[in-house]
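Every value quoted in this text rests on a predicted model; they were computed, and no experiment measured them. First the proteins, then the strands, lettered A, B, ... as listed; each starts at 1.
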Number of protein chains: 2
Amino acid sequence: MSGQSIRLLLADDQALVRGALSALLGLEPDLEVVAEVGSGDAVLPAVLEHRPDVALLDVEMPGLDGIAATAEVRRAAPDTRVLIVTTFGRPGYLRRALQAGASGFVVKDTPAAQLADAVRRVHAGLRVVDPGLATDSLLAGESPLTSRETEVLQAARDGSAVAGIAAKLFLSEGTVRNHLSSAIGKTGATNRAEAVLTAEGNGWL
Amino acid sequence: MSGQSIRLLLADDQALVRGALSALLGLEPDLEVVAEVGSGDAVLPAVLEHRPDVALLDVEMPGLDGIAATAEVRRAAPDTRVLIVTTFGRPGYLRRALQAGASGFVVKDTPAAQLADAVRRVHAGLRVVDPGLATDSLLAGESPLTSRETEVLQAARDGSAVAGIAAKLFLSEGTVRNHLSSAIGKTGATNRAEAVLTAEGNGWL
DNA sequence: ACGTCGCCATGACAGATGTCATGGCGACGT
DNA sequence: ACGTCGCCATGACATCTGTCATGGCGACGT
């Protein structure tokens with residue numbers, strides 16, 4: 001397998017970005033894009049069919065997100081290494097991506113020239129992590145929210161009232177308020193909306 | 001000037017996307033990327049220096065946004081045509097972009113192969129508009145919000161309470177609540193949070 | 001000159017929200 | 001067996017929010 005070109009899979013929900021990244025990486029003589037997909041659900045089938053050396057996954061995708069797709073790929077195709085390429089440097093994303101088995105994590109405002117290098121390093125078995133993000137990630141740490149609190153905050157994202165959240169989760173309204181209250185406390189917010197924002201910013205949702 | 005290659009400027013805050021688009025467009029023999037910038041403020045100086053035929057601008061950028069940059073370019077360099085390339089198909093964006101003098105509007109999930117065509121059409125003096133978006137845009141129309149209502153909603157985006165918004169805008173709390181209430185009514189929401197979301201979704205903020 | 005409209009403000013009211021105390025249930029580790 | 005913890009629930013309370021009626025002010029168009 002050595003001496004051959006590195007086989008790549010690209011996953012990004014925006015077709016234009018996907019195609020552009022393909023063009024960018026295709027310029028490198030030692031890299032070859034063998035598959036492109038636009039949703040998280042399509043990642044694993046494509047990996048199994050094309051057996052790429054490295055899979056570049058976005059985190060935000062319809063269906064399965066990049067983190068969940070990473071876990072799937074690691075389980076079903078351990079030879080394929082995963083490099084997360086994402087828009088948002090949410091601190092929690094990095095930690096969760098690495099826990100899921102990703103070999104690298106790059107945000108989309110790193111210079112284009114470095115992407116090919118990141119791919120080569122990942123392929124070589126090294127770990128590639130955005131330097132600025134690493135420190136933030138350690139500071140933010142794990143989500144302090146329990147699973148219910150997380151669910152309630154997720155349901156509150158669209159501006160639903162307590163009654164709506166309770167109906168969606170089959171809970172009593174009082175319980176929803178209790179979960180919200182403790183989530184607000186844990187996030188240091190004073191507010192439901194604030195709690196949603198900080199939890200999102202930390203990648204806890 | 002005909003027979004020559006089309007000179008392009010790229011503006012996108014994400015370096016990776018910028019570089020990738022550059023690679024993609026650079027593959028076309030009749031296109032040439034002559035400048036790349038990462039913020040809205042840098043667009044006009046770069047246009048004046050390099051005199052591109054077509055400027056590809058993202059809407060979401062630090063500093064000046066793509067719409068404002070479009071207006072600047074049209075005013076100071078009328079020969080440069082503007083093609084907006086953006087992530088979000090917010091209905092209001094299209095209308096505002098066209099009003100600002102953009103010649104085209106493409107969302108980032110159109111196939112990569114079509115981008116070069118869009119550039120050529122814009123350069124030829126044609127108008128290029130994402131077909132799916134055009135109808136939405138007509139439906140959504142202009143923002144129904146008054147300037148104060150817009151300001152109040154913007155201030156409410158971070159989850160601030162009425163008191164905080166009032167302090168920020170030097171208004172009475174009652175007045176803030178009135179503006180919020182009418183904004184909620186106009187957006188068809190039942191809620192401050194919902195109002196913020198739908199206003200954002202329509203590009204009214 | 002008049003009506004309309006946006007903007008600011010006040011006061012009052014109903015309903016939603018956030019907090020707190022309290023209690024029951026099941027899972028888990030020691 | 002016991003303590004701890006997450007989860008669910010209830011009731012009560014203070015506060016925040018959203019609505020409505022009302023009024024004054026200035027700008028604008030007819």
Side-chain angles (χ1 to χ4, degrees), chain A residues 92 95-96 99 140-205, chain B residues 92 95-96 99 140-205:
Chain A
R95 187 185 39 71
R96 281 163 55 202
Q99 277 179 354
E142 295 241 8
S143 170
L145 304 173
T146 69
S147 65
R148 268 314 199 189
E149 287 159 2
T150 308
E151 286 181 74
V152 170
L153 272 194
Q154 283 171 344
R157 270 200 285 199
D158 60 358
S160 300
V162 171
I165 303 174
K168 195 180 302 178
L169 301 181
F170 303 104
L171 290 177
S172 142
E173 300 195 9
T175 302
V176 169
R177 290 207 301 227
N178 286 337
H179 285 310
L180 277 175
S181 182
S182 82
I184 290 169
K186 287 179 181 176
T187 52
T190 62
N191 213 337
R192 181 188 317 195
E194 267 185 32
V196 168
L197 290 179
T198 71
E200 273 183 343
N202 285 331
W204 293 339
L205 296 190
Chain B
R95 187 184 37 73
R96 282 163 54 202
Q99 276 178 355
E142 297 241 8
S143 169
L145 304 173
T146 70
S147 65
R148 269 313 200 191
E149 287 159 3
T150 308
E151 286 181 74
V152 170
L153 271 194
Q154 283 170 343
R157 268 199 287 199
D158 59 358
S160 302
V162 171
I165 302 174
K168 195 181 301 179
L169 301 181
F170 303 104
L171 289 177
S172 142
E173 301 195 8
T175 303
V176 170
R177 290 208 300 232
N178 286 339
H179 285 310
L180 277 176
S181 182
S182 82
I184 290 169
K186 287 179 180 177
T187 52
T190 64
N191 213 335
R192 181 187 320 195
E194 267 185 30
V196 168
L197 290 179
T198 70
E200 273 184 341
N202 285 331
W204 293 340
L205 296 191

Problem - Axial bend angle, the helix from C:dA1-D:dT30 to C:dT30-D:dA1: five-pair end segments, nearest 10° - result: 40°
Fill in the blank from the handout: Contact span of DNA chain C against chain B, any nucleotide atom under 4.0 Å from a heavy atom, 5' to 3', runs C:dG6 to C:dA12
Exercise for the section: Using whole Å, report how far NZ of B:Lys186 lies from P of D:dG18. Expected result: 16 Å
Problem - Shortest non-hydrogen contact between B:Glu173 and B:Ala163, atoms and distance - result: OE2-CB, 3.7 Å
Problem - Under 3.5 Å: donor-acceptor pair, side chain of A:Asn202, backbone of A:Trp204 - result: no
Practice task
Sequence neighbours left out, what pairs pass salt bridge (charged side-chain N to carboxylate O under 4.0 Å, His left out) with at least one residue falling in residues 175-204 of chain B?
Solution key: B:Glu149-B:Lys186, B:Arg157-B:Glu200
Practice task
Answer yes or no: is there a side-chain heavy-atom contact under 4.5 Å between A:Leu153 and A:Leu145?
Solution key: yes
Exercise for the section: Using the closest heavy atom to pick a nucleotide of DNA chain C for each, name whichever of B:Asn191 or B:Gly174 lands nearer the 5' end. Expected result: B:Gly174
Problem - Min side-chain heavy-atom separation B:Arg148-B:Leu171 under 4.5 Å - result: yes
Practice task
Assign each of B:Glu173 and B:Glu149 to its nearest nucleotide of DNA chain C by heavy atoms, then name whichever residue's nucleotide is nearer the 5' end.
Solution key: B:Glu149
Practice task
Give B:Thr190 one of three labels, base, sugar-phosphate or nothing, depending on what nucleic acid heavy atoms sit under 4.0 Å from its own.
Solution key: nothing
Exercise for the section: For B:Ser160 and B:Asp158, work out which heavy atoms get closest and say how close. Expected result: OG-OD1, 2.6 Å
Exercise for the section: Write down the atom of A:Leu197, the atom of B:Gly159, and the distance for their closest heavy-atom approach. Expected result: CD1-N, 4.1 Å
Exercise for the section: Have a look at B:Ala163 and say if it touches a base, only the backbone sugar-phosphate, or nothing, with a 4.0 Å heavy-atom cut-off. Expected result: nothing
Handout entry: Residue pair A:Ala161 / B:Asn191: nearest heavy atoms and the distance that separates them
Key = N-ND2, 4.4 Å
Exercise for the section: Take the protein atom CZ of A:Arg177 and the nucleotide atom P of D:dA12, then report the distance between them rounded to whole Å. Expected result: 12 Å
Handout entry: Interatomic distance where CZ belongs to B:Arg192 and C1' belongs to D:dT15 [whole Å]
Key = 13 Å
Practice task
May I ask you to decide if A:Thr146's main-chain N or O and A:Thr150's side chain share a donor-acceptor pair within less than 3.5 Å?
Solution key: yes
Practice task
Under 4.0 Å between any heavy atoms, over every strand shown, what does A:Thr175 touch: base, sugar-phosphate, or nothing? Just pick one.
Solution key: base
